Amino acid sequence: MTASIDWLEETHELHLRTEGFSYVVAVLESGALGGVHLGAPLRGGVSHRGLRTGEFHGFANRVGDPVPLEYPTAGTGDYRIPALVIQHADGSSVLDLRYVSHRIFAGKGRISGLPSTYVESDDEAASVEVLLRDDVSGIEVTLSYSVFRDVPGVARSARIRNGGTTRVRITTAMSAVQDLADADWTLVTLSGAWARERHVVERTLVPGRQSVSTTRGASSHQHNPFMLLKRAATTEDAGEAIGLSLVYSGNFVAEAEVDSFDTARVRIGINPEGFAWVLEPGDALATPEAVLVYSRNGIGGVSDAYHRLYRERLARGKWRDADRPLLVNNWEGTYFAFDEEKLVDMAIVARDLGLELFVLDDGWFGKRDDDTTSLGDWFVDRRKLPNGIDGLAKRITELGIGFGLWIEPEMVSERSELFAAHPDWAIGVPGRPRTPSRNQLVLDMGRPEIVDHLFGVLSDVLGGASISYVKWDMNRNITEPWSAALPADRQGELFHRYVLGVYELYRRLTERFPDILFESCAGGGGRFDPGLLAYAPQGWTSDDTDAVERLRIQWGTSLAYPLSSMGAHVSAVPNHQVARTTSIGMRAAVAFFGVFGYELDPTAMSAEERTIVREQVAFYKQWRPVLQGGRFVRLRSPFAAGGNETAWMAVSPDERRAVVGHYRVLNRPIPGPDRLRLRGLDADANYRVAVWPAKGSETERANSGVRGGDELMSAGLALGVEKAEAAARGDFAATLFTLEAE
Ligand code: DGJ
């Protein structure tokens, strides 16, 4: 199916259609742009205006009716959460946006200064730009909509231009607002904290507003710029679900409001709290992109759509489609205490184990023996690395593996040469103390001279050595927001300008170093969002590498993000975040479902562990295309009541190969028969099923051999095991199955 957009001249409707999806908007009698439909595909060429709900036909002009609108404004009778609030020169905030014109075109545009989804050829998407204007003030809003060939959803953004003669102040500018005909939805968000990011949280919509948001300056550990609506009966693979995702890395809000008529309005965009943007006559502001997805095939259908779009048409550069290297990172292995010899010793063992990349984390620059100093001083600490980064990189790459480096560009330590030279580059209000956090301050990334400086010094570092990977960290949030570069009436621009500056630095560095794989990080997963995926195709999912904790973190993250974006490492035990001891097999069986690696000191591993790791590395290499590029299917949720079991699988795009992971947190005696039904296989294919690693267990005997895809999806794998096997298994157990079509 191709993506198409039709304009019905008679009824003034735009119908955007693609595989499994229709989106219809109409110009109302008032001239406003009204919402008609987001959901299942509708017939083309005919009017669907009859689907409009909420228009009250009893009296003319009754205010407060739930009229579905595409970009609602306050002050003219719509009292629900608005898309746009602008304060005019006279202090009023009334806006009456009316349709002026539209333009349909093949392909998709980009948003200047902001990351967005894209196409590689014009036949991949169809787009329309609708121009609206408030005649009194001259404010113009261009709403952009794109539908992609293979994605049941629509990408939306807005551009607000001051076409008037006086300066105005934008205080709210959403990326998308969506009115829904009823409020019978459960709201699902991804919420948590450091070391337990993106846990699945569900709540029923009730009258009033419900939202997740951040004012921290980053998309945050606490909430993700994503929300999902599902029906009460919706499961992973059946029923209606709608996803909203924001391609943005800063302060956002994702909000739902149920009104007194039991209709729902949802919106997503830059958080209005703390935001204000001045537009001089002729100036414009572009919002980030929101991607709305609809599925009739459950939550999994929403995830499938985001995975495909974000992996293939948001991520960019040579690493988008390339096999991601198996890495070892020294952070938990050494923290700040290392020298060149130690690192080379670690790299030698890593190379011998089959790993492909050695990453040097924090502590290589300035005088950084702990976290109290040196951020901003991006020159090598010769006490630790006498031959410089280039000398170390040379020794490591000569071993036959790649070399990667950690940086934290957006930060400055008060004890640093950079801070001594430019104290005003750090965000803070003069005359007020700055709230400390990890002994560091945040650079005012909205200032072009700071971005220029960082681009210069980091280009020297990255260009001066053989570096094939960069981990870009960000370890604190913004407090005392105030910029020395902005006048008083523009201080509300700081947070958004900060994000634009981060994107600009990312853009320049990724363009200058196209061969380097960038991984984003923010104290683990504190900025794991679609915005950064456009530059860094993978992100550090969480600092919590405990296998049990990771089940929930990776499950939740997978609602919106593909496996190819999730850094997942095996670390040492007892685990450094929760002190839990799990087997190295369990740790790997969880981390395999992501971009796999190790986060430990390989020289400290026993001979037995090294043998196991060698096998794990070989296994991952063999299954990497499935585990990084396959379809991820969630089978049993760690968020279900009890949460003792998790199961998921990855299936190759041609459905010929699959890896299934089943995890049990606490053991139970004589568990009884249980079958794990698989999904996403070819019902007509015959699969050779094996348990990995083979140990001759009862589970293995019960499942090994050739099984039909139909049988595996309707009856499933046998999980029940004999009493003896259950007794021997212990807590924190994982079983991996591999399936190969014959
Ligand atoms: C936080 C990151 O999440 C860790 O992986 C590590 O890079 C530290 N920062 C280093 O300071």
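Everything numeric here is computed off the predicted structure, so don't read it as measured data.
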Fill in: salt_bridge(Asp601, Lys342) N-O dist < 4.0 Å
yes
Item to complete: Check the surroundings of atom NZ in Lys318: do more than 12 heavy atoms from other residues, nucleotides or ligands lie under 6.0 Å from it?
Response: yes
Item to complete: For Glu480, enumerate each residue passing the side-chain hydrogen bond (donor to acceptor under 3.5 Å, both in side chains) test, keeping only those at least two apart in sequence or located in another chain.
Response: Thr435
Practice prompt. Apply the test salt bridge (Lys or Arg N to Asp or Glu O under 4.0 Å) to residues Asp424 and Arg447: give CA-CA distance (whole Å), side-chain angles for both, the deciding distance (0.1 Å), then the verdict.
Written response: CA-CA 11 Å; Asp424 70 310; Arg447 290 170 69 171; 3.1 Å; yes
Practice prompt. Show your working on side chain to side chain donor-acceptor pair (under 3.5 Å) between Asp529 and Ser249 and close with a plain yes or no.
Written response: CA-CA 6 Å; Asp529 57 59; Ser249 307; 2.8 Å; yes
Worksheet item: Going by heavy atoms in the side chains, are Thr582 and Asp546 under 4.5 Å from each other?
Response: yes
Practice prompt. Please say whether the positively charged group of Arg550, taken as NZ for Lys or CZ for Arg, lies over the ring of Trp540, i.e. under 6.0 angstrom from the six-membered ring centre and within 45 degrees of the axis.
Written response: yes
Worksheet item: Passes salt bridge (Lys or Arg N to Asp or Glu O under 4.0 Å), Asp362 versus Arg368? Steps please.
Response: CA-CA 8 Å; Asp362 195 354; Arg368 191 152 163 99; 2.7 Å; yes
Practice prompt. Check whether the ring centres of Tyr663 and Trp648 lie less than 6.0 Å apart, and answer yes or no.
Written response: yes
Discussion item. Nearest 0.5 Å, please: how far is CG in Leu441 from CD in Glu410?
Written reply: 13.5 Å
Item to complete: Apply side chain to side chain donor-acceptor pair (under 3.5 Å) to the pair Ser213 and Glu255, showing each step before the final yes or no.
Response: CA-CA 8 Å; Ser213 64; Glu255 187 163 35; over 6 Å; no
Discussion item. Once salt bridge (Lys or Arg N to Asp or Glu O under 4.0 Å) is applied, do any residues pair with Arg490, and if so which ones, sequence neighbours excluded?
Written reply: Glu493
Worksheet item: Do the ring planes of His496 and Tyr248 sit parallel (below 30°), tilted (30 to 60°) or perpendicular (above 60°)?
Response: tilted
Practice prompt. Would you please test Tyr498 and Val442 for side chain to side chain contact (heavy atoms under 4.5 Å, CB included) and show each step?
Written response: CA-CA 10 Å; Tyr498 180 91; Val442 186; 3.4 Å; yes
Worksheet item: So with a 6.0 Å cut-off around CD of Glu511, is the heavy-atom count from everything else above 12?
Response: yes
Worksheet item: What pair of heavy atoms forms the shortest contact from Ala534 to Pro115, and how long is it?
Response: CB-CB, 3.4 Å
Worksheet entry | Passing candidate, salt bridge (charged side-chain N to carboxylate O under 4.0 Å, His left out) with Glu356, options Arg351, Arg624, Arg324 | Arg624
Worksheet entry | For Ser245, all residues meeting side-chain hydrogen bond (donor to acceptor under 3.5 Å, both in side chains), sequence neighbours excluded | Tyr310
Worksheet entry | Pairwise distance CG(Asn387) to CG(Leu392) - rounded to 0.5 angstrom | 8.5 Å
Item to complete: Could you tell me how the ring of Tyr620 sits relative to the ring of Phe592: parallel (under 30°), tilted (30 to 60°) or perpendicular (over 60°)?
Response: parallel
Worksheet item: Strictly by modelled atom types, are Thr372 and Arg415 linked by a side-chain donor-acceptor pair under 3.5 Å?
Response: yes
Response to the item:
In this structure, CD of Gln440 is separated from OG of Ser374 (nearest 0.5 Å) by 11.5 Å
Worksheet item: Is a side-chain donor-acceptor pair under 3.5 Å present for Gln222 with Thr214?
Response: no
Worksheet item: Would the Tyr469 and Trp406 ring centres measure less than 6.0 Å apart?
Response: no
Item to complete: Please determine if Arg614 and Asp352 form a salt bridge, counting it only when a charged side-chain N lies under 4.0 Å from a carboxylate O.
Response: no
Item to complete: Could you go through the salt bridge (Lys or Arg N to Asp or Glu O under 4.0 Å) check for Arg395 and Glu398 one step at a time?
Response: CA-CA 5 Å; Arg395 284 182 73 186; Glu398 277 172 4; over 6 Å; no
Item to complete: Would you name the heavy atoms of Ala568 and Ala591 that are closest together and state the gap between them?
Response: CB-O, 3.4 Å
Worksheet entry | Heavy-atom neighbours of Glu341 CD exceed 12 at 6.0 Å | yes
Worksheet item: What pairs with Ala650 under side-chain contact (heavy atoms from CB on, under 4.5 Å), at least two apart in sequence or on another chain?
Response: Leu563, Phe593, Val626, Leu627
Practice prompt. Show your reasoning for whether side chain to side chain donor-acceptor pair (under 3.5 Å) applies to Glu332 and Gln577.
Written response: CA-CA 10 Å; Glu332 290 199 359; Gln577 289 74 36; 2.9 Å; yes
Item to complete: Would you kindly say whether Glu408 and Asn475 are connected by a side-chain donor-acceptor distance under 3.5 Å?
Response: yes
Worksheet item: Is Asp371 salt-bridged to Arg476, cutoff N-O under 4.0 Å?
Response: no
Worksheet item: Do the non-hydrogen side-chain atoms of Asn477 and Ser220 ever get within less than 4.5 Å of each other?
Response: no
Discussion item. Going by side chain to side chain contact (heavy atoms under 4.5 Å, CB included), Ile268 matches just one of Thr287, Val212, Leu246. Which one?
Written reply: Leu246
Fill in: CA sep, side-chain torsions, deciding dist, call: Arg508, Asp452, salt bridge (Lys or Arg N to Asp or Glu O under 4.0 Å)
CA-CA 10 Å; Arg508 287 167 71 179; Asp452 287 346; 2.8 Å; yes
Practice prompt. For Asp544 and Ser542, test the side chains for any donor-to-acceptor distance below 3.5 angstrom and give the result as yes or no.
Written response: no
Discussion item. Under the rule for side-chain hydrogen bond (donor to acceptor under 3.5 Å, both in side chains), what residues qualify as partners of Arg311, not counting sequence neighbours?
Written reply: none
Practice prompt. Any chance you could measure Leu385, atom CG, to Phe338, atom CZ, to the nearest 0.5 Å?
Written response: 5.5 Å
Worksheet item: Of all heavy-atom pairs between Leu509 and Phe455, which one has the smallest distance, and what is that distance?
Response: CD2-CD1, 3.6 Å
Worksheet item: Is any side-chain heavy atom of Phe358 less than 4.5 Å from a side-chain heavy atom of Thr397?
Response: no
Response to the item:
Sorted by chain and number, sequence neighbours left out, ring-ring contact (aromatic ring centres under 6.0 Å, His included) with Tyr561 holds for Phe528
Worksheet entry | Side chain proximity check, Ile111 to Pro288, heavy atoms < 4.5 angstrom | no
Discussion item. Using 30° and 60° as the class boundaries, would you call the ring planes of Phe596 and Tyr598 parallel, tilted or perpendicular?
Written reply: perpendicular
Fill in: Test of ring centre spacing under 6.0 Å for Tyr535 and Tyr503
yes
Item to complete: Taking atom NZ of Lys367 as the centre, report whether more than 12 heavy atoms of other residues, nucleotides or ligands fall under 6.0 Å from it.
Response: no
Worksheet item: Roughly how far apart are Leu443 CG and Ile478 CD1, rounded to 0.5 Å?
Response: 10.5 Å
Item to complete: Name the orientation class of the two ring planes belonging to Phe336 and Trp331 (parallel below 30°, tilted from 30 to 60°, perpendicular beyond 60°).
Response: perpendicular
Worksheet item: Do Asn330 and Asp361 meet the criterion of a side-chain donor-acceptor pair at a distance under 3.5 Å?
Response: no
Worksheet item: What pair of heavy atoms forms the shortest contact from Phe639 to Val200, and how long is it?
Response: CZ-N, 3.3 Å
Worksheet item: Is it the case that more than 12 heavy atoms not belonging to Arg383 sit under 6.0 Å from its CZ atom?
Response: yes
Worksheet item: What's the spacing between Ile427 CD1 and Asp444 CG if we round to 0.5 Å?
Response: 5.0 Å
